[in-house]
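Notes for the one structure printed next.
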Amino acid sequence: MSRGLVSSSRYSPGNMTPDALDRLFVGRERLMDDVLSRIVASALGREKHFILLVGPRGCGKTHFLALAHHRLTTAPPFAEARARLRIAHLNEDEWGVASFLDFLVRILRALAKEDESAHLNKAIEALYKTASQNHERALRDAQSALVQHIGDRALLVLCENLDELLKGIGEEGQKRWRAFIQQTAFWTILATTPALSAAVQDQKEPFYGFFTLRYLERLDLEGASELLERKALREEKEDLAQFLKTPVGRARVRAIHHVAAGNHRVYVTLFPFLTRQSLNDLAGPFLEMVDDLTPYYQARMAPMAPQQRKIVEALCQQAAPMIVKDIALRCMASQPTTAKQLGELARTGFVRRTPVGRKTYYEIAEPLMRICVEVKDNRTPHRRLLTDFLRHWFSARELEARSVELRSAG
């Protein structure tokens, strides 16, 4: 799918239209202004900036990069910087990067597409032929092609999942990239990662201390309300936008916020439920939605170590946060082992930890993940997850009215 073809997307916001990107961008204008000002400074001055956005999956990283790209390439305030920039907007997932040469080719391809450069496309085709005979020569040719194309301008690389890209090019590739950046001095980078990897944290690694880190916080209730209202207006549902401001509408938003836990992707997923009125109208579609999302969460759990999956399962089975001692007991593991694995799960965004006095409580970062795992437990009739959701879904006034109706019917 090409960028700019849809007005809403759960998993590929980079494909959304510029208008949709703008209208559904909530709570991060100050961060966007800061990032764009650094890119402008990189384009117009000698100092270059390298920014890494850190946030869990579904928190809006792709949306942020797509909107930054749109504003840089179209907004009048960036006209001067635009003339001095060449932008390589890489795909969200560059699965084929297994060497530094692969990475350079991806950058050249992105530049050729952005600039509609037939000359650059010819150079890329020549690289394929050279690489089959002499990898080192192809690497030198790729570097030369990039230097020639950029000239005296600045190169902005927009890339996602930096942790995977660095892992793909390997230690040798990382050293070569860092050296190439220093030699050419035209690079500026805006990258994202779901969590900080050793490649940027370990003092022995080439990119240690290289990036300016910016953390993407989860949406609070106010931000969630604004996002859902904007989405309603974007879809020309003005009645729904007004409904969200009523006591009943606010109860709906609180329910969705409880399940989404600040994750942008889940708000978009649950948006269609805002118009559901009855229990029968809500319960079935809600379980269908959970069933649809289950493969997504299963795919995220698949790469985990067995001990980590056991911890996630234990936390999913509990409605309340737990301390290390209780989690270790449930997992039949030692407390030191459990604490170490919980630290890794917190670093990668699966688990949220909350210090309370001398104790630290752990829980699943995304309640919807807990629900999806619970659904796959064939021994559970799923009453708890529906009860938990519905408890937040209906306002106190609605619950009281329904209680009166049930007593009268009895």
Side-chain angles (χ1 to χ4, degrees), residues 1-33 35-36 53 55-78 89 92 158 160 192 216-277 281-282 285-286 288-289 292-293 296 366 368 392-393:
M1 183 184 293
S2 300
R3 290 187 172 105
L5 290 183
V6 296
S7 60
S8 181
S9 176
R10 295 183 194 173
Y11 298 104
S12 301
N15 294 325
M16 291 165 58
T17 62
D19 180 64
L21 288 170
D22 257 317
R23 292 199 183 191
L24 298 181
F25 189 68
V26 173
R28 289 172 179 160
E29 282 294 349
R30 289 180 64 184
L31 177 59
M32 179 65 78
D33 290 343
V35 167
L36 293 181
L53 305 177
R57 297 186 186 281
C59 75
K61 300 186 296 296
T62 301
H63 191 141
F64 193 105
L65 255 65
L67 183 57
H69 178 257
H70 167 61
R71 290 184 179 178
L72 285 168
T73 54
T74 62
F78 303 109
H89 191 181
E92 181 178 353
L158 301 173
E160 301 194 55
T192 73
L216 296 183
E217 302 297 333
R218 295 174 180 272
L219 279 180
D220 57 14
L221 180 58
E222 182 180 349
S225 299
E226 184 180 356
L227 174 61
L228 293 170
E229 184 178 340
R230 286 192 181 193
K231 185 165 175 57
L233 292 172
R234 167 66 191 164
E235 297 185 5
E236 299 182 349
K237 298 177 180 178
E238 294 186 9
D239 290 345
L240 176 57
Q242 291 301 317
F243 168 72
L244 294 178
K245 297 177 182 179
T246 67
V248 175
R250 288 195 292 270
R252 300 287 188 270
V253 174
R254 283 195 300 272
I256 287 181
H257 182 63
H258 170 71
V259 175
N263 186 299
H264 288 64
R265 178 177 293 155
V266 181
Y267 292 113
V268 174
T269 301
L270 294 176
F271 176 79
F273 291 93
L274 287 167
T275 56
R276 308 285 181 177
Q277 296 299 324
D281 194 30
L282 178 66
F286 178 75
E288 288 178 9
M289 180 272 298
D292 288 340
L293 282 178
Y296 164 71
E366 297 178 38
L368 198 57
H392 292 80
W393 182 256

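Values reported hereafter were calculated over all heavy atoms of this structure, with side chains retained and with hydrogens, waters and symmetry mates removed.
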From CG (D22) to CG (L67), nearest 0.5 Å: 5.0 Å
Inter-residue atom distance I256.CD1 - L244.CG, 0.5 Å rounding: 8.5 Å
Any sub-3.5 Å donor-acceptor pair from R230's side-chain atoms to R23's backbone N or O? yes
Sort out for me which residue in T62, T269, L219 forms a side chain to side chain contact (heavy atoms under 4.5 Å, CB included) with H264. L219
G223 and V26: which non-hydrogen atoms are nearest, and at how many Å? O-CG1, 3.5 Å
So, E29 and R71, do they make that salt bridge, N to O below 4.0 Å? yes
Tested for side chain to side chain contact (heavy atoms under 4.5 Å, CB included) against F243, the lone hit among E238, E229, R252, K237 is R252
For A232 versus A241, what's the shortest heavy-atom pair and its separation? CB-N, 3.9 Å
Return the minimal non-hydrogen interatomic distance between V268 and P272, and the atom names on each side. O-CD, 3.8 Å
Y267 and G262 have their tightest heavy-atom pair at OH-N, 3.1 Å
With rounding to the nearest 0.5 angstrom, report the CG to CD distance, L31 to E217. 10.0 Å
Run the numbers on T192 and F64 for side chain to side chain contact (heavy atoms under 4.5 Å, CB included), then give the verdict. CA-CA 10 Å; T192 73; F64 193 105; over 6 Å; no
Roughly how far, to the nearest 0.5 Å, is the CD atom of E92 from the CG atom of L158? 13.0 Å
CZ/R28 to CG/L53 distance, rounded to the nearest 0.5 angstrom? 9.0 Å
Is it true that atom CG of D33 has more than 12 heavy atoms of other residues, nucleotides or ligands lying nearer than 6.0 Å? yes
Name the orientation class of the two ring planes belonging to H63 and F25 (parallel below 30°, tilted from 30 to 60°, perpendicular beyond 60°). tilted
Compare every heavy atom of K61 with every heavy atom of E160, then report the nearest pair and how far apart it is. OE1-C, 4.3 Å
Working to the nearest 0.5 Å, report the span between CG of L36 and CE of M32. 5.5 Å
